[in-house]
Student: 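Here's a structure for you.
Hydrogens, waters and symmetry mates play no part in the numbers below; they use all other heavy atoms, side chains included. Every chain is numbered from 1, with letters handed out A, B, ... down the list of sequences. These numbers come from a predicted model, not from an experiment.
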Amino acid sequence: MRRGMVIDLEKCIGCRSCVVACKQHNAQPAGNWWNRVVTPGSERHLTPPEKGKEYFLPIHCQHCNNAPCEKVCPVNATYTEEDGTVLVDFERCIGCRYCMAACPYGVRQFNWEDPKKATARYGYQDGYTYGHPQEFRLKGRLVYMPSRFKGVVEKCNFCVHYADKGLDPACVRGCPGNARHVGDLDDPDSRVSKMIRDKNGFTLLPEKGTKPNVYYLPPKRKEV
Amino acid sequence: MSTSKKIGFAITGLLMLAGLVAWGIQVKEGLVLTNMRNSYTWGLYVAGLAFFVGNAAGGLVLSSMIYLFGVTSLKPFAKIGALCAFANVTAAMLAILPDIGQPIRLYNLVLHPQWRSPLVWDIIVLNLYAALSLLYLYLLMLPDFQGPLKKIALKVDHPKEFSEKWAKRLAPYSLAAAVGIHVITAWIFATQGARDWWNSAVLAPDFVAAALASGTAIVLLVCLLTYGLKDEYTQAYRTMAIFIAVALFTHIFFMYNDFFIHYWYGATEALDVLSITFKKYALAHAFEVVAPLAGVILLLSSNVRKSAGAMMTSCFLIIAGIFVHRFLLMPGAFDRVPLTIAPLGMQNTEFSVPIASGQYEPLMNTFVTEWHYFPSGIEIAIFLGVLAYVGFLIILAIDRLPIVKIEKAQT
């Protein structure tokens with residue numbers, strides 16, 4: 001079993017619902033966003049770089065098979081689960097940020113200050129907070145917690161706390177265009193494997209040799 | 001104690017204290033007090049690691065030249081070499097410590113080391129080198145321990161012969177450990193395929209070359225400060241000057257060799273990275289080349305070597321140039337976001353994918369493609385504190401230990 005994701009760029013409308021769902025479900029402190037959606041070629045989101053040329057690209061941790069972030073971590077705080085998911089153990093991380101230097105996708109984020117303090121900068125009414133309220137341990141390792149420690153690295157955890165309940169990640173469930181799909185990349189008959197095969201699935205920065213478990217399907221036409 | 005030593009202790013002591021206070025504040029508030037952010041994750045602290053590791057090369061140069069290659073004129077300076085090596089390699093570890101977000105968890109390095117990480121290898125080899133240079137210093141001082149220091153002296157029948165024999169035996173190991181610290185520190189960077197600026201096979205040999213230049217320049221500087229110019233040392237200073245010059249020319253050759261190959265092929269990514277150093281940091285780059293070159297050209301002139309002040313200025317130019325070289329490890333790697341894509345269906349367009357900055361400020365962009373980094377006051381205070389530690393330790397050791405040959409003993 002190799003858990004992978006397919007994002008159909010044909011179906012992505014650039015609404016950033018996945019970004020919001022991810023941020024809210026995973027209690028990301030102010031300033032940190034595990035997931036982002038951009039308009040390639042354009043300085044501004046949702047602005048065509050050229051007339052008739054516009055598509056949207058969601059980017060988060062690519063859960064690489066040859067993950068440089070995992071190999072550089074001096075304390076094995078970043079590690080790969082049996083299903084290929086790359087996780088961060090918040091209790092183990094020493095905050096050296098070597099993994100952030102090593103990641104070519106720029107998806108890793110740091111808690112530069114106490115996350116409670118960071119989020120207080122938002123100035124929400126009545127101390128409003130968000131995020132899945134319970135911490136989650138996978139085989140004893142703390143891979144999700146609603147309020148992170150100061151000085152540790154965080155990134156997309158493939159919603160491992162929901163996977164445990166048999167649920168798809170928040171970004172998949174929250175996508176109004178149904179552009180995101182999760183499945184077993186090892187099984188050639190799985191829906192995701194078929195989609196990659198039939199629709200010319202590609203990965204980002206293949207020249208870096210990271211072998212991501214996140215695939216993209218190219219858009220056929222540009223949504224204008 | 002001389003007045004100059006007292007002033008030295010006062011200045012370095014105060015700077016160390018200020019650095020410690022700055023680190024305390026940073027531990028309390030978090031690394032938000034630095035100017036690093038998600039897109040620019042390493043700055044002055046990591047550049048400091050590379051700088052001090054390089055400076056620690058001096059001990060190796062002296063001990064291997066004396067005991068492996070028979071350059072006996074350098075013998076009076078062997079102890080200063082070992083001392084500079086110890087001071088700088090420990091400073092390298094101190095420089096990287098404030099970069100750690102959770103310093104109290106450092107025990108995880110012992111409990112859960114991840115053997116594929118170059119950082120783990122570096123910590124091992126730096127500690128090994130620190131222990132080795134301390135042992136070396138002890139061995140070289142052994143025949144000269146007097147008074148209360150006699151208590152720490154190893155009881156051997158012929159301390160002079162014993163010291164000489166073991167210094168010779170240890171020399172090849174210290175050479176291996178010394179080359180090891182530069183190569184492995186370079187591998188921390190050179191292994192990273194995500195950063196085109198670092199991902200080069202020439203980085204490790206270049207680290208060795210730059211280290212031999214700045215490490216020897218530091219030893220020469222300390223020798224000049226303690227012994228001054230004397231006829232009996234002319235030959236030794238000349239040897240060191242030539243060695244520094246060869247090392248520096250090799251370093252500049254390695255660096256431009258790498259630039260040339262990338263420039264000739266002309267891949268967009270490589271040209272983008274080069275333009276950061278050659279355009280945005282043009283002045284800094286000019287300094288990292290011109291200052292040490294001027295330094296070694298001056299040192300090579302026998303007229304300049306007649307003035308201690310001119311020689312010290314030359315050493316300072318070399319060390320400062322190498323410092324700027326180490327600092328320039330960062331902009332080339334972090335100024336540009338590594339994830340750039342060619343948008344589907346568009347010609348001749350390269351698009352940098354923005355990164356969440358990591359800090360929310362009402363007037364600041366949430367996502368950034370560029371981050372202009374210059375160290376914050378806290379970072380500079382901590383770095384100066386570590387630099388002061390090197391000076392403090394060297395003055396303290398020279399004051400208390402039999403490192404500098406006493407004039408009276410000579411006559």
Student: Looking only at non-hydrogen atoms, find the nearest pair between A:Val38 and B:Pro354 and report the distance.
Tutor: CG1-CD, 3.6 Å
Student: Give a yes or no on whether a salt bridge exists between B:Asp196 and A:Lys208, defined as a side-chain N under 4.0 angstrom from a carboxylate O.
Tutor: yes
Student: Would you mind telling me which of B:Thr41, B:Leu119, B:Thr340 has the largest number of heavy-atom pairs within less than 4.5 Å of chain A?
Tutor: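 With the most close heavy-atom pairs to chain A, the winner is B:Thr41.
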Student: Tell me whether B:Arg37 forms a cation-pi arrangement with A:Phe110, defined as NZ or CZ under 6.0 Å from the six-membered ring centre and within 45 degrees of its axis.
Tutor: no
Student: Between B:Trp42 and A:Cys96, which heavy-atom pair has the shortest distance, and what is it?
Tutor: NE1-O, 3.0 Å
Student: Does the side chain of B:Asn108 come under 3.5 Å of the side chain of A:Asn76 through a donor N or O and an acceptor N or O?
Tutor: no
Student: Please state whether the side chain, the backbone, both or neither of A:Lys150 comes within less than 4.5 Å of a heavy atom of chain B.
Tutor: both
Student: For residues A:Arg92 and B:His112, determine if any side-chain heavy atom of one lies less than 4.5 Å from a side-chain heavy atom of the other.
Tutor: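 SC-SC contact between A:Arg92 and B:His112 confirmed.
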Student: What residue, out of B:Thr34, B:Leu33, B:Ile188, has the most heavy-atom pairs lying under 4.5 Å from chain A?
Tutor: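 Counting heavy-atom pairs under 4.5 Å, the top option is B:Ile188.
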Student: Once the angle between the rings of B:Phe367 and A:Trp33 is folded into 0 to 90°, is it parallel (under 30°), tilted (30 to 60°) or perpendicular (over 60°)?
Tutor: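 Rings of B:Phe367 and A:Trp33: tilted, as their planes differ by 30° to 60°.
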Student: Measure distances from A:Ile59 to the heavy atoms of chain B and classify the residue's part below 4.5 Å as side chain, backbone, both or neither.
Tutor: side chain
Student: Without swapping roles, check the side chain of A:Arg97 against the backbone of B:Asp99 for a donor-acceptor pair under 3.5 Å.
Tutor: yes
Student: How about B:Lys279: does its NZ atom have over 12 heavy atoms from other parts shown lying under 6.0 Å from it?
Tutor: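 For B:Lys279, atom NZ is not crowded (no more than 12 foreign heavy atoms under 6.0 Å).
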Student: Are B:Ile355 and A:Arg36 close enough that some pair of their side-chain heavy atoms sits under 4.5 Å apart?
Tutor: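 Yes - at least one pair of side-chain heavy atoms lies under 4.5 Å apart.
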Student: Of the listed residues (B:Pro343, B:Pro338, B:Ser357, B:Pro362), which shares the most heavy-atom pairs with chain A below a 4.5 Å separation?
Tutor: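 Counting heavy-atom pairs under 4.5 Å, the top option is B:Pro343.
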Student: With chain A, which of B:Met346, B:Gln114, B:Arg116 has the greatest number of heavy-atom pairs at distances under 4.5 Å?
Tutor: B:Gln114
Student: Quick check on A:Tyr216 against chain B: is it the side chain, the backbone, both or neither that has a heavy atom closer than 4.5 Å?
Tutor: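 A:Tyr216 has no heavy atom closer than 4.5 Å to chain B.
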Student: Got a sec: does the OH of B:Tyr265 have more than 12 other heavy atoms crowding it under 6.0 Å?
Tutor: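 Count not over threshold, so no.
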Student: Surrounding CZ of B:Phe374 (heavy atoms of other residues, nucleotides or ligands, distance under 6.0 Å), is the total greater than 12?
Tutor: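 Open.
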Student: Side chain, backbone, both or neither: which part of A:Glu70 has an atom under 4.5 Å from a heavy atom of chain B?
Tutor: both
Student: Step by step, would you call A:Met100 with B:Phe334 a side-chain contact (heavy atoms from CB on, under 4.5 Å)?
Tutor: CA-CA 11 Å; A:Met100 296 174 76; B:Phe334 293 114; over 6 Å; no
Student: Tell me whether A:Tyr55 contacts the main-chain N or O of B:Leu344 through its side chain, where contact means a donor paired with an acceptor under 3.5 Å.
Tutor: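 Looks like yes, one N/O pair under 3.5 Å.
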Student: Counting heavy-atom pairs under 4.5 Å with chain A, which one of B:Thr366, B:Val353, B:Thr349 comes out on top?
Tutor: B:Val353
Student: Could you look at A:Thr39 and say if it's the side chain, the backbone, both or neither that has a heavy atom under 4.5 Å from chain B?
Tutor: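 Just the backbone, heavy atoms under 4.5 Å.
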Student: Relative to chain A, which of B:Glu361, B:Glu350, B:Met364, B:Met36 shows the most heavy atom pairs under 4.5 Å?
Tutor: B:Met36
Student: Please flag which part of A:Thr210 lies under 4.5 Å from any non-hydrogen atom of chain B: side chain, backbone, both or neither.
Tutor: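 The answer is neither part of A:Thr210.
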Student: Kindly determine whether A:Glu43 and B:Thr369 satisfy side-chain contact (heavy atoms from CB on, under 4.5 Å), including the steps that lead there.
Tutor: CA-CA 10 Å; A:Glu43 297 258 316; B:Thr369 49; over 6 Å; no
Student: How many angstroms lie between NZ in A:Lys71 and CD in B:Gln192, if you round to the nearest 0.5 Å?
Tutor: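 So the gap between those two atoms works out to 9.0 Å.
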